[in-house]
**Q** 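Once you've had a glance at the structure underneath, I'll fire off some questions.
Within every chain, numbering begins at 1; the chains are lettered A, B, ... in the order of the sequence lines, protein sequences first and strands thereafter.
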Number of protein chains: 2
Amino acid sequence: MKKKSTIYDVAKIAGVSPSTISRVMNTPEIVAENTRQKVMNAVKELTFIPNMMAASMPRKRTNYIGLIIPDITNIFFSNLVRGVQDVCEKHGYSVLVVNSDDIQEKEGRYLKLLYSRRVDGVILTVAGYREEEFPKEELSLLKKMNIVLIDREINGMTTPIVKVNNFGGAYSAVKYLLTMGHKKIMYLAGIEGTKTNQEREKGYLAALKEAHINWKKELAADFRLDTAYQKIIQYWSQLKNSDKLPTAIFAANDLMAIGALKAFAQLKVRVPEDISIIGFDNISFSDCTYPPLTTIAQPTYLMGQKAVETLLKVIDKKKIKKSVELETELIERDSVSRWEV
Amino acid sequence: MKKKSTIYDVAKIAGVSPSTISRVMNTPEIVAENTRQKVMNAVKELTFIPNMMAASMPRKRTNYIGLIIPDITNIFFSNLVRGVQDVCEKHGYSVLVVNSDDIQEKEGRYLKLLYSRRVDGVILTVAGYREEEFPKEELSLLKKMNIVLIDREINGMTTPIVKVNNFGGAYSAVKYLLTMGHKKIMYLAGIEGTKTNQEREKGYLAALKEAHINWKKELAADFRLDTAYQKIIQYWSQLKNSDKLPTAIFAANDLMAIGALKAFAQLKVRVPEDISIIGFDNISFSDCTYPPLTTIAQPTYLMGQKAVETLLKVIDKKKIKKSVELETELIERDSVSRWEV
DNA sequence: TCGCTTTCTGATATCGATTTCATAGTAACA
DNA sequence: TGTTACTATGAAATCGATATCAGAAAGCGA
């Protein structure tokens, strides 16, 4: 590996001072045409590329932002990450992504890491599994950093947030099932501790209440495909042909809806003839399932973008809206059919 | 935002020199028990967390590594990323992930970015679309950095690489189709410029040759689901019932296999009754398709891990194997059936 | 008790940029 | 032509850690 050249090396070759090199690299317009030429030549000769790391010390900016998500492997989040990355790059920022696996303790550890790396700000999807109280140490870290929440709110906290109208989305999903004639609708729930799940649950209950429907049933899961798959298999095996079985399922996300689809394929329960399923998210595989999944679309990529835009304003101490709420959209495909009695 | 405390603040409170603070943070065992206590108290009082950014200057290590992949949104790569992240974290490294979108020009730009950030090393999936010659500027950057390739090789370059036995995997996929009685097997190709695609193609051809089968057909695509979907729709619409239609398809990756599945669903061509499909990768949705996809599994996560392990050795100038080649495994599911004549 | 280690700590230079301040040189104006 | 006002550049301090080197204090053997 060749030795890396510094601003001093360039200065020596160009016969000017290091300050001038810095000026040419950052504000070329303030240096005289012919010194600029000399410097550019020297830069080319050494193929000099400035050390951003070193620059961030006096600048007191690293131009990094941190992004904490549950799991990059989850296609919902990888989409969001891409939105974050693309906007960041446009503004000269780089993204440090870490996975909390929805575990609070990891979230805390990573927050500390991001702080020690002195990222300029953090976009945070709070972990789903957590104690009632926010740990003091983590809280003090949050106060020391520029934070924007994404996807999931924290109760009683005024941190800026970018999210989707979960209540509205869930409400319209269930409403849709109702208009299709379904009277027995089950909610396949996500991680209980997340505000996201709570809001979707409220939307589910609100729609039922409005339609004066008393039949309700929640199957507890955790947003994960395999868990949903197992829960469904288990529940249906126990209650074969019982009237406790719903005619439709509203899944708190597509991953679980797909898990359900997989379970029903194995159980030889036909979708949508025997049971209808609607998901939430519109992840990129939801049109490749069998049958293609009807779902509530979330603008995932856009959420990532908005979150960065908000964060950059926070960093630059500009005025911001405390909360950006994006709307969902019903995508009709083939996993829901009319239920005739 | 509270002011960030430095090693000097801690020193003042603890009544010792900054050097001692540094020692307590890095090599506590060499400082006397009771000064260590004093320092620890001061650290706690200020909730001091050292600035890694600043530390990396004299250390001449950033403890960052760069990871260039085509697209984080591609589930194949997001798995690999997770493998990279997990091992990195264990060794005190953080990962800076960027997306080349398989475009050489972006790859070059990001390489430069990573260099300017002075990452300790780079794990690189070379972009698929590129000119014949390796651009000089990019090449000189590669020489200045610690590089490990992953997934895709570069012709005529001795850079260490972690990959899978593509030839063998493809060969066994086609061999499997042959043993199932298929005689007309199409190859649904990935990006032509990638070594990965070339090797899989060779595996395909080798298996056919060995079986003395002359029927061959390649449908050019680009590893992407939508492209594969469109190509299939187009090809089948043109050649309805012609004997130019294969009885089985070997897709260069699962994403394209799933695109094909989607196309056939729409074309009312039954899988596997009318046509068999085998994929490559075993991405996490491949068991949720209809029918569940038979495929050649790649240890994606493991590849990420191995790449990091190799890279860390390169960074520490330890001896390494120039090339780590992992094996694939045939996963039999339901998208391939026996073909009886 | 003397001299020699060993243990522990502090002073200082350093990493590679930026930034402030000072100043030389030139232009502008009356 | 003298005063003022810019323009262009350099010198030096700074960011927050680490690392080297030197010296004080303590321990130990003879």
Side-chain angles (χ1 to χ4, degrees), chain A residues 1-40 42-43 46-64 92 113 115-120 144, chain B residues 1-40 42-43 46-64 92 113 115-120 144:
Chain A
M1 246 177 19
K2 274 191 269 180
K3 194 181 170 315
K4 291 163 185 163
S5 38
T6 74
I7 216 172
Y8 299 95
D9 303 326
V10 182
K12 191 163 282 176
I13 291 195
V16 297
S17 78
S19 325
T20 301
I21 311 301
S22 174
R23 290 190 186 102
V24 172
M25 302 309 286
N26 298 297
T27 47
E29 65 279 6
I30 69 162
V31 3
E33 173 63 24
N34 88 356
T35 33
R36 189 169 50 209
Q37 277 309 327
K38 280 192 296 184
V39 171
M40 302 284 268
V43 165
L46 293 177
T47 59
F48 168 70
I49 297 174
N51 182 336
M52 281 183 73
M53 186 71 46
S56 60
M57 279 251 278
R59 276 192 186 143
K60 291 175 170 304
R61 283 236 175 153
T62 55
N63 281 68
Y64 268 107
L113 171 71
Y115 181 76
S116 84
R117 293 240 181 233
R118 296 298 190 272
V119 297
D120 297 335
K144 280 190 187 169
Chain B
M1 244 173 27
K2 275 191 268 178
K3 195 182 169 310
K4 290 164 185 163
S5 37
T6 74
I7 218 173
Y8 298 95
D9 303 325
V10 182
K12 192 162 281 176
I13 291 195
V16 297
S17 77
S19 324
T20 300
I21 310 301
S22 174
R23 290 190 188 103
V24 172
M25 302 309 285
N26 297 297
T27 47
E29 64 279 6
I30 69 162
V31 6
E33 172 64 23
N34 86 358
T35 32
R36 189 168 52 208
Q37 277 309 327
K38 281 192 296 185
V39 171
M40 302 283 268
V43 165
L46 295 176
T47 59
F48 169 70
I49 297 173
N51 183 335
M52 281 183 73
M53 187 70 47
S56 59
M57 279 251 277
R59 275 193 188 141
K60 291 178 173 302
R61 283 235 175 154
T62 56
N63 281 71
Y64 269 106
L113 170 71
Y115 180 76
S116 85
R117 293 237 180 237
R118 297 297 191 271
V119 296
D120 298 334
K144 280 189 187 172

**Q** Check the phosphate of C/dT18 against A/S22, side-chain N and O only, distance under 4.0 Å to OP1 or OP2. Yes or no?
**A**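 Answer is yes, contact under 4.0 Å.
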**Q** May I ask you to evaluate whether B/T20 reaches the phosphate of C/dG10, defined as a side-chain N or O under 4.0 Å from OP1 or OP2?
**A**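 Answer is yes, contact under 4.0 Å.
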**Q** Rounded to the nearest 0.5 Å, what separation is found between the CE atom of B/M52 and the CZ atom of A/R118?
**A**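 If I round to the nearest 0.5 Å, the distance is 10.5 Å.
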**Q** What heavy-atom pair brings B/F48 and B/I21 nearest, and what distance separates the two atoms?
**A**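 Taking B/F48 first and B/I21 second, the nearest heavy atoms are CE2-CG2, 4.4 Å.
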**Q** What pairs with A/R36 under side-chain hydrogen bond (donor to acceptor under 3.5 Å, both in side chains), at least two apart in sequence or on another chain?
**A**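 Here the qualifying residues are A/E33.
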**Q** Is B/K38 atom NZ crowded by more than 12 heavy atoms from other residues, nucleotides or ligands, each under 6.0 Å away?
**A**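 It does: B/K38 NZ has more than 12 such atoms within range.
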**Q** Indicate yes or no: at least one non-hydrogen side-chain atom of B/V39 is less than 4.5 angstrom from one of B/V16.
**A**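 Yes - at least one pair of side-chain heavy atoms lies under 4.5 Å apart.
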**Q** Using whole Å, what does the distance between atom P of nucleotide D/dG16 and atom CZ of A/R61 come to?
**A**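 For the pair A/R61 CZ and D/dG16 P, the rounded distance is 15 Å.
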**Q** When the axes are fitted on five pairs at both termini, how much does the helix from C/dT1-D/dA30 to C/dA30-D/dT1 curve, in 10° steps?
**A**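 Result, rounded to 10 degrees: 40°.
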**Q** To the nearest angstrom, how far is B/D9 atom CG from D/dA17 atom P?
**A**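 Nearest whole value for this atom pair: 9 Å.
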**Q** Could you give the distance from CG (B/N51) to OG (B/S56), rounded to the nearest 0.5 Å?
**A**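 These two atoms lie 8.0 Å from each other.
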**Q** Rounded to the nearest 0.5 Å, how far apart are CE of A/M57 and OG1 of A/T62?
**A**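 Atom-to-atom, A/M57:CE and A/T62:OG1 are 12.5 Å apart.
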**Q** Atom NZ in B/K144, atom OG1 in A/T47: separation rounded to 0.5 Å?
**A**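 Between B/K144 NZ and A/T47 OG1, I get 3.0 Å after rounding to 0.5 Å.
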**Q** Could you list all N or O pairs between the protein and nucleotides 21-28 of chain C that sit under 3.5 Å apart?
**A**
none

**Q** Any chance you could measure B/K4, atom NZ, to B/L46, atom CG, to the nearest 0.5 Å?
**A**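 These two atoms lie 15.0 Å from each other.
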**Q** Testing the basics here: between B/T27 and B/V31, what is the closest heavy-atom pair and its distance to 0.1 Å?
**A**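 Nearest heavy atoms, B/T27 then B/V31: O-CG1, 4.0 Å.
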**Q** Could you list the protein-to-nucleotides 12-16 of chain C atom pairs, N/O on both sides, closer than 3.5 Å?
**A**
from	atom 1	to	atom 2	distance (Å)
C/dC15	O3'	B/K60	NZ	2.9
C/dC15	O2	B/P58	N	3.3
C/dG16	OP1	B/K60	NZ	3.0
C/dG16	N2	A/A54	O	3.4

**Q** Return the CG to NZ distance between B/D9 and B/K12, rounded to the nearest 0.5 Å.
**A**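 Reported to 0.5 Å precision, the distance equals 7.5 Å.
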**Q** Using a 4.0 Å cut-off on heavy atoms, which residues in residues 24-39 of chain B reach DNA chain C? List them by number, or say none.
**A**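 Of all residues in residues 24-39 of chain B, the ones placing a heavy atom under 4.0 Å from DNA chain C are B/V31, B/A32, B/T35.
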**Q** Figure out the CE/P separation between A/M53 and D/dG16, and round it to whole Å.
**A**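 In whole Å, D/dG16 P and A/M53 CE are 16 Å from each other.
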**Q** For B/A42, what residues pass the side-chain contact (heavy atoms from CB on, under 4.5 Å) criterion, not counting sequence neighbours?
**A**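 For B/A42, the residues satisfying side-chain contact (heavy atoms from CB on, under 4.5 Å) (neighbours in sequence not counted) are B/V10, B/I13, B/A14.
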**Q** For the residue pair B/R117 and B/Y115, would you count it as a cation-pi contact if the rule is NZ or CZ under 6.0 angstrom from the ring centre and within 45 degrees of the ring axis?
**A**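 Not satisfied by the 6.0 Å and 45° rule.
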